[in-house]
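Basis for what follows: all heavy atoms, side chains included, without hydrogens, waters or symmetry-related copies. Below, read A as the first sequence line, B as the second, and so on, with proteins coming before strands; counting in each chain starts at 1. None of these values were measured; they are calculated from a predicted model.
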Amino acid sequence: MSSKVRTRFAPSPTGFLHVGGVRTAIFAWLTAKQSSGEFVLRIEDTDQKRKVEGAEEHIIESLAWLNIKSDEPLIRQSDRVKDGIYKKWAEKLIENGRAYADPYTPEEVQKFREQAQTDKKPFLYRNNRPENPPKWDGKTPLRFKAEPKEYVTHDEVMGEIKTSPEVIDDFILIKSDGFPTYNFAHIVDDLEMGITHVIRGQEFLASLPNYRNLYEALGKKEPVFVTVPHILNEQGNKKLSKRDGAKDILEYREQGYLPEAMMNFLATLGWNDGTEQEIFAPQELLQKFQLEQIQKGSAHFDEKRLEWISGHHIRTKPLDELYELVKDFWPQAAKNYDDNYKKKVLELVQERMKFFAELPELTQFFFEDLPVNPELVTGHKQLKKLSNDELESLLEKAKETLEQSDFSREDLQERLNQLLETSSQKPIVLFSLIRISTTQAPASPGLAETLEVIGKETAIKRIAKQLKAL
RNA sequence: GGCCCCAUCGUCUAACGGCUAGGACACCAGGUUUUCAUCCUGGCAAUAGGGGUUCGAUUCCCCUUGGGGUCACCA
């Protein structure tokens with residue numbers, strides 16, 4: 001009795017995809033895939049003016065990054081226009097007396113609209129519905145002849161929505177350029193494609209009653225309606241949009257975010273499984289996702305949370321896998337080093353990386369000598385208390401100690417500990433001085449493991465350089 | 001403005017009408033022999049306001065306020 005779930009993601013090719021659109025796609029994909037249903041991508045390109053070159057490929061690539069792909073060949077509405085599909089459905093409506101030619105010019109319609117405004121009434125085209133419309137010649141808009149009525153619409157997320165007949169109007173089915181409107185095309189397509197769950201953004205909620213009216217005129221069964229609330233910008237005062245500076249989802253790929261982290265972040269933005277779990281692998285999402293658990297209210301985009309989730313996924317990646325993934329993110333100087341060395345470096349910074357673009361600043365000193373930065377010493381809360389002579393003798397001692405080490409981590413640790421005792425210095429003083437001298441970086445991994453990877457020759461050389469600069 | 005949707009810490013959220021409103025991010029403090037990060041411990045922090053219903057409201061109803069959406073030959 002229950003047929004296979006089929007969902008779709010239907011963007012218009014007007015540019016890149018931002019997190020809002022992608023989240024809707026993720027929800028649709030999860031809904032289909034968790035019940036071994038099908039997910040299809042449909043390009044809503046009925047507005048030729050807004051079409052952006054390359055957008056279609058960009059959308060496909062964005063979804064592919066997240067491992068989301070269509071189960072069927074891409075559907076393009078413009079292709080279906082050529083096949084005369086929408087016209088066929090429109091003619092059926094005309095035959096049934098549920099569609100008619102709009103005899104007015106755009107200017108005349110605009111007049112009606114303004115009149116309604118001065119009358120302080122909501123504009124309804126049907127108040128001016130022509131009594132004897134001409135036969136439709138395809139050169140003028142074709143309008144739906146609505147049968148206004150009350151509806152109680154069930155939405156999986158929003159619940160029951162009551163609306164009055166006032167919201168139902170004679171919307172345009174086919175534009176004067178021969179292309180169908182979204183309002184008409186998406187219903188025809190969803191029907192023909194056997195879509196069972198229409199999952200889309202909140203901006204369509206107000207049109208739902210109109211769509212229901214059309215389903216009835218067509219004599220077709222409605223799909224399940226699923227309205228996903230918007231993602232608001234970080235200030236929370238506007239729906240996330242390209243205009244408002246929302247980023248292209250692929251920018252996160254360029255920044256080196258893991259796709260599973262992005263999916264985790266977006267899926268749990270406005271959805272949770274009722275437990276305290278925060279981190280989900282894609283497989284877990286597939287198991288646990290429930291449409292009914294989607295939040296009704298809008299959510300704010302929070303990049304800090306994305307970073308935290310991303311860092312978490314990076315930390316739990318097996319080193320070899322991670323190594324493959326960061327290939328393109330190493331600092332320039334790393335090209336002179338072999339895989340083995342870079343892998344050791346990666347292991348040390350794995351737990352402090354939030355996204356791969358941080359790799360260069362995190363690892364630069366493993367690959368090249370940085371110029372001595374006196375401020376690291378003079379600005380250090382402990383080191384600045386020591387005189388230059390004291391610093392010099394301490395560092396000299398450190399150099400002698402390290403020269404005797406075989407630079408294995410264990411040996412380094414042991415000798416460093418001994419030096420701590422013989423020099424009777426606090427760890428913060430001794431270790432900071434060595435760490436700064438050998439890295440010239442404000443932060444680095446643990447001292448012994450850092451020294452081990454850098455190697456004896458380089459470490460000694462850098463200390464000598466620091467000594468000269470004191 | 002009409003219509004529709006929404007409302008718990010700054011943010012994401014949990015709480016059959018019933019324990020001190022829980023968790024996470026962020027932030028702050030402390031700990032893990034230096035720093036950054038991780039990890040651990042602790043802290044700060046919320047039911048928008050007002051009416052009802054009820055023995056009892058975060059939870060149900062109404063009003064107000066606030067936010068969002070929509071009123072295209074865009075989707």
Side-chain angles (χ1 to χ4, degrees), chain A residues 10-14 44-47 49-50 102 106 109-110 113 116-117 120-124 140-143 153 155 157-159 161-164 166-167 169 171-183 185-186 200-209 227 229-230 232 234 236-239 265 268-272 274-279 295-309 311-312 315 348-354 358 362 376 380-383 413 416-417 420 426-436 439 441-447:
Chain A
S12 56
T14 54
E44 310 255 325
D45 59 350
T46 56
D47 187 353
K49 298 180 292 293
R50 295 212 310 156
D102 179 348
V109 175
Q110 183 58 23
R113 193 173 286 122
Q117 207 157 26
K120 301 217 167 177
K121 285 194 304 199
F123 169 68
L124 285 171
T140 63
L142 183 73
R143 284 199 183 254
T153 305
D155 184 277
V157 174
M158 295 301 171
I161 301 159
K162 276 200 267 299
T163 51
S164 72
E166 296 307 299
V167 303
D169 197 11
F171 58 90
I172 290 179
L173 301 169
I174 295 188
K175 300 178 274 183
S176 58
D177 65 1
F179 282 83
T181 59
Y182 165 86
N183 296 145
H186 90 271
R200 83 242 284 190
Q202 212 187 24
E203 66 270 30
F204 298 108
L205 193 59
S207 311
L208 232 37
T227 297
H230 284 139
L232 270 28
E234 218 132 354
N237 60 2
K238 215 181 272 176
K239 139 184 166 181
F265 169 68
T268 54
L269 187 58
W271 170 84
N272 78 91
T275 73
E276 286 175 357
Q277 184 170 354
E278 307 278 346
I279 301 295
Q295 209 73 8
K296 290 181 182 178
S298 312
H300 296 60
F301 181 77
D302 180 7
E303 197 151 301
K304 279 276 198 276
R305 183 176 155 80
L306 171 61
E307 285 184 7
W308 173 72
I309 290 174
H312 202 286
R315 265 172 263 137
L348 294 186
V349 298
Q350 178 171 15
E351 70 183 25
R352 60 203 77 206
M353 220 180 353
K354 301 251 190 280
E358 293 180 321
L362 247 28
L376 290 176
H380 189 103
K381 62 180 187 279
Q382 295 289 331
L383 293 180
Q413 195 61 62
L416 253 13
N417 284 343
L420 207 49
K426 286 186 291 187
I428 188 168
V429 172
L430 179 66
F431 291 161
S432 294
L433 182 59
I434 300 174
R435 196 192 65 74
I436 288 168
T439 65
S444 64
L447 184 52

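- Using a 4.0 Å heavy-atom criterion, one finds that A:K49 contacts the sugar-phosphate atoms exclusively.
- Side chain A:R305 to base B:rC12: no donor-acceptor pair is found below 3.5 Å.
- Taking atom CZ of residue A:F171 and atom P of nucleotide B:rC73, one finds them 12 Å apart after rounding to whole Å.
- With sequence neighbours left out, A:T140 forms a side-chain contact (heavy atoms from CB on, under 4.5 Å) with A:A101, A:W136, A:D137.
- Whole-Å rounding puts the A:R143 CZ to B:rC73 P distance at 6 Å.
- When the ring pair (Phe, Tyr, Trp, His ring centres under 6.0 Å) test is applied to A:F204, the partners found at least two apart in sequence or on another chain are A:Y182.
- Counting non-hydrogen atoms under 4.0 angstrom, A:P445 reaches a base of the nucleic acid.
- What separates CD of A:E278 from C1' of B:rG23 is a distance of 7 Å, to the nearest Å.
- Donor-acceptor pairing under 3.5 Å, judged by distance alone, is present between the side chain of A:R435 and the base of B:rU35.
- When the P atom of B:rC25 is taken as reference, atom NZ of A:K304 falls 13 Å away, rounded to whole Å.
- Following rounding to the nearest Å, A:E351 (CD) and B:rU35 (P) show an atom-to-atom distance of 14 Å.
- To the nearest angstrom, P of B:rC25 lies 10 Å from CD1 of A:I309.
- B:rA14 atom P lies 4 Å from atom CD of A:Q295, rounded to whole Å.
- Among the protein residues, A:Q117 comes within range of no part of the nucleic acid, since none of its heavy atoms lies under 4.0 Å from any strand.
- The residue A:T227 sits apart from the nucleic acid: no heavy atom pair falls under 4.0 Å.
- Note on A:S444: a base of the nucleic acid sits closer than 4.0 angstrom, heavy atoms only.
- Taking 4.0 angstrom as the limit, A:R113 places a side-chain polar atom (N or O) nearer than this to OP1 or OP2 of B:rC73.
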Just the table, please: protein N/O against nucleotides 62-68 of chain B N/O, every pair under 3.5 Å.
| unit_1 | atom_1 | unit_2 | atom_2 | d |
| --- | --- | --- | --- | --- |
| B:rG68 | OP1 | A:N237 | O | 2.4 |

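- Across the P atoms, B:rG49 and B:rC39 are found 36 Å apart, a figure rounded to whole Å.
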